Amino acid sequence: MTIEVDPFQRFEEAQAGGDRDPYPDWAEMRARGPVHEVDLRAEYDLDESIEIDLPPAYVVLSYEGVTQVLRDPGSFSSSFYADTMGAVMGHSILEMDEPEHHHYRGLIQQAFTKKALDRWRDELVRPMVESIVDEIAARGHGDLVRELTFPFPVRVIAGMLGLPAEDLPQFHRWAVELISVGFDFEVGVAASEKLRDYFASVLAPRRTHPEADLISVLAQASLDGQQLDDEQIFAFLRLLLPAGAETTYRSSSNLLFGLLTHTDQLDALRADRSLLPQAIEEGIRWEPPLTAIARWATRPVEIDGVPVTAESLIQVNMGAANRDPKRWERPEEFDILRPPLQHVSFALGPHTCLGMHLARMETTVAMETILDRLPDMRLDPAADDVHIRGRAFRAPASLPVLC
Ligand code: HEM
């Protein structure tokens, strides 16, 4: 399989130079206290001359504090995203509060059944991953990020949506442009509009002639006599790209990085495949693809014993919470043999990741295929300084391997 377009290049260049290791700073802050006030002007490097009203803001770093915020949607609202990601996605479940959120999530969840997951695994994910890994095996070397972990989650989503194969290059370009909104707002918004028009042309025929794809299921889904309207479906489909593709690309890359740089653990996994589920969870705990999410405090409240004011921005640092020494021994270490404990990388509470079973399935298939077909896989010794980088989003830029 060849990559017809190269949206990776631009995305990659724009992200280059990211923070190499924010964890020591977070550990130092967490040791001083579970919650800290944040100076947003300094954080976003805004000059004093820029007139802008910034809210009070806090960062939550402890496991206790993060779980408290995520489990209390009454005190901590998701409407923060309406002012940010809402610009490119529309009014999606990500930015809804209860009870609206519960209702629409119930409708959308109808598309993510165990049966649908099994079908996507067998018909979509496995053949796609196998063909990519076979190419790398035949060549004897490759870049697991560029060839496998970056392109495959977007292709899986295109397949789940039932998009025709010939639309994939264009779809992939818009998808990457949409997720580039953090550093290129104009491009993100333009891609959002193009995707809306494109989805409109796909949705209309599926309303009348449903097929076996996710768009048809969303078109037919109903709860308490209500259905999703077109704009609600477009908002969800646009959310799927950053939520489902960028995260899985990064989490599977981070797991592979952990294993390739801890070869004793890769050997242990090769010797005992039953370790795979816990290896996947440890990768997601140790290096979550997305380290922080946000909420508005709706009232004055204490988080892990620290008071925060009403209408303040709460930065929920899942990366720091996942390495809280009050919960994990040697939290900085990647260790697939550690006793599994609930982490917070998929969030908790009502907004718990809707795609976590899909993400785990995709990573399981990718790892099984790699273990089966690249039995001698190792980091290319000629590769220079392979590392994970980034602050809010983290992943290695490349994983060159010999096999
Ligand atoms: C390892 C991979 C993934 C990670 C770490 C992850 C993480 C998260 C997190 C932290 C949230 C909560 C966001 C918030 O409330 O602020 C979330 C929500 C969500 N995720 Fe994932 N995600 C992953 C993969 C996926 C996949 C593959 C899909 C595809 C279906 C997906 C779809 C969603 C959706 C739709 C939401 C919104 C749920 C809601 O607001 O009720 N995610 N994810």
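Quick caveat, the model's predicted, so the values are computed rather than measured. Atoms within a ligand are numbered from 1 in the order they appear, just like the ligands themselves.
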Enquirer: Write out the residue and atom name of the closest protein heavy atom to atom 21 (Fe) of ligand 1, then the distance separating them to 0.1 Å.
Expert: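 For atom 21 (Fe) of ligand 1, the nearest protein heavy atom is C353 SG, 2.3 Å.
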Enquirer: Is the shortest heavy-atom distance from the side chain of D335 to the side chain of R330 under 4.5 Å?
Expert: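 Yes, at least one pair of side-chain atoms sits under 4.5 Å.
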Enquirer: Taking the basic N atoms (NZ, or NE/NH1/NH2) and the acidic carboxylate oxygens, is any pair closer than 4.0 Å for E193 and R238?
Expert: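 Salt bridge absent between E193 and R238.
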Enquirer: Report the C-alpha separation of H101 and E98 in whole Å, then their side-chain angles, then the decisive distance to 0.1 Å, and conclude whether the side chain to side chain donor-acceptor pair (under 3.5 Å) test is met.
Expert: CA-CA 5 Å; H101 170 261; E98 306 311 321; 2.8 Å; yes
Enquirer: Which ligand 1 atoms are under 4.0 Å away from a heavy-atom of A347?
Expert: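 Near A347, meaning under 4.0 Å from one of its heavy atoms, ligand 1 has 10 (C), 12 (C).
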Enquirer: Indicate, with yes or no, if the rings of Y23 and W26 have centres closer together than 6.0 Å.
Expert: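 Ring centres of W26 and Y23 closer than 6.0 Å.
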Enquirer: Does any N or O of ligand 1 fall below 3.5 Å from an N or O anywhere on S251, backbone included?
Expert: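 It does not: no N or O of S251 is found under 3.5 Å from an N or O of ligand 1.
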Enquirer: Among protein heavy atoms, which sits nearest to atom 25 (C) of ligand 1, and what does the distance come to when rounded to 0.1 Å?
Expert: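 Checking every protein heavy atom, the shortest distance to atom 25 (C) of ligand 1 gives A243 O, 3.1 Å.
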Enquirer: Run the numbers for me: atoms of ligand 1, each under 4.0 Å from some heavy atom of M318, listed by number.
Expert: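 That gives atoms 10 (C) of ligand 1.
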Enquirer: Just checking, is any N or O donor in the side chain of H351 or S78 under 3.5 Å from an acceptor N or O on the other one?
Expert: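 Short answer, yes.
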Enquirer: Tell me whether R295 reaches ligand 1 (any heavy atom closer than 4.0 angstrom to a ligand atom).
Expert: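 For ligand 1, residue contact (heavy atoms, under 4.0 Å) with R295 is present.
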Enquirer: Is S78 near ligand 1, meaning one of its heavy atoms is under 4.0 Å from it?
Expert: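 Flag not set, S78 not near ligand 1.
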Enquirer: Starting from atom 24 (C) of ligand 1, locate the nearest protein heavy atom and write down its residue, its atom name and how far away it is, to 0.1 Å.
Expert: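 So the nearest neighbour among protein heavy atoms is T247 OG1, 3.2 Å.
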Enquirer: For P289, is the nearest heavy atom under 4.0 Å from an atom of ligand 1?
Expert: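 Yes, that is the case, since the closest heavy atom of the residue is under 4.0 Å from the ligand.
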Enquirer: Which of the numbered atoms in ligand 1 are under 4.0 angstrom from any heavy atom belonging to F112?
Expert: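 In order of numbering, the contacting atoms are 30 (C).
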Enquirer: Ion pair present between R391 and E43, side-chain N to carboxylate O less than 4.0 angstrom?
Expert: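 Judged by the 4.0 Å cut-off on N to carboxylate O distance, R391 and E43 do not form a salt bridge.
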Enquirer: Have a look at L240, V156, L255, L94 and point out the one with the heavy atom closest to atom 29 (C) of ligand 1.
Expert: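 The option holding the nearest heavy atom is L240.
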Enquirer: Salt bridge or not for E282 and R285, using N-O below 4.0 Å?
Expert: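 A salt bridge links E282 with R285.
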Enquirer: Name the one of R295, R299, Q68 that satisfies side-chain hydrogen bond (donor to acceptor under 3.5 Å, both in side chains) with S75?
Expert: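 That would be R299.
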Enquirer: At a 4.0 Å threshold, what atoms of ligand 1 neighbour a non-hydrogen atom of Y81?
Expert: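 Counting from 1, the qualifying ligand atoms are 14 (C), 16 (O).
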Enquirer: Looking at R338 and E333, does any basic side-chain N land under 4.0 Å from a carboxylate oxygen?
Expert: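 No salt bridge links R338 with E333.
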Enquirer: For atom 38 (C) of ligand 1, what is the closest protein heavy atom, and at what distance to 0.1 Å?
Expert: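 Closest protein heavy atom to atom 38 (C) of ligand 1: R105 NH1, 3.4 Å.
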Enquirer: Can you tell whether the side chains of D304 and K326 come within less than 4.0 Å, N to carboxylate O?
Expert: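 Not counted as a salt bridge, because no side-chain N and carboxylate O are separated by less than 4.0 Å.
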Enquirer: So which heavy atom in the protein is nearest atom 34 (C) of ligand 1, and how far is it from that ligand atom?
Expert: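 Protein heavy atom at minimum distance: L354 CB, 3.8 Å.
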Enquirer: Would you mind running through ligand 1 and noting each atom that sits below 4.0 Å from a heavy atom of A359?
Expert: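 Listed by number with element, the hits are 1 (C), 2 (C), 24 (C).
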Enquirer: Less than 4.0 Å is my threshold; does some heavy atom of H101 fall inside it relative to ligand 1?
Expert: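 Yes, that is the case, since the closest heavy atom of the residue is under 4.0 Å from the ligand.
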Enquirer: Which one of G349, A111, S345 has a non-hydrogen atom at the shortest distance from atom 10 (C) of ligand 1?
Expert: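 The residue whose heavy atom sits nearest atom 10 (C) of ligand 1 is S345.
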Enquirer: Suppose I only count heavy atoms of F236 and a 4.0 Å limit; which atoms of ligand 1 are within that range?
Expert: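 Answer, ordered by atom number: 35 (C).
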Enquirer: How does M96 reach ligand 1, if at all, at less than 4.0 Å between non-hydrogen atoms: by side chain, backbone, both, or neither?
Expert: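 It is neither; nothing of M96 touches ligand 1.
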Enquirer: Does at least one non-hydrogen atom of E95 fall below 4.0 angstrom from an atom of ligand 1?
Expert: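 It does not, in that no heavy atom of E95 comes within the 4.0 Å cut-off of ligand 1.
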Enquirer: What are the atoms of ligand 1, with element, lying closer than 4.0 Å to any heavy atom of L239?
Expert: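 Taking each heavy atom of L239 in turn, ligand 1 has 35 (C) under 4.0 Å.
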Enquirer: Please list the nearest protein heavy atom to atom 40 (O) of ligand 1 with its residue and the distance rounded to 0.1 Å.
Expert: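 Among all protein heavy atoms, the one nearest atom 40 (O) of ligand 1 is H351 ND1, 2.6 Å.
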Enquirer: Using a strict threshold of under 4.0 Å (side-chain N to carboxylate O), is an ion pair present between R327 and E64?
Expert: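 No, this pair does not count.
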Enquirer: When rounded to the nearest 0.5 angstrom, what distance separates CG in L61 from CZ in R323?
Expert: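 Result: 13.0 Å between the selected atoms.
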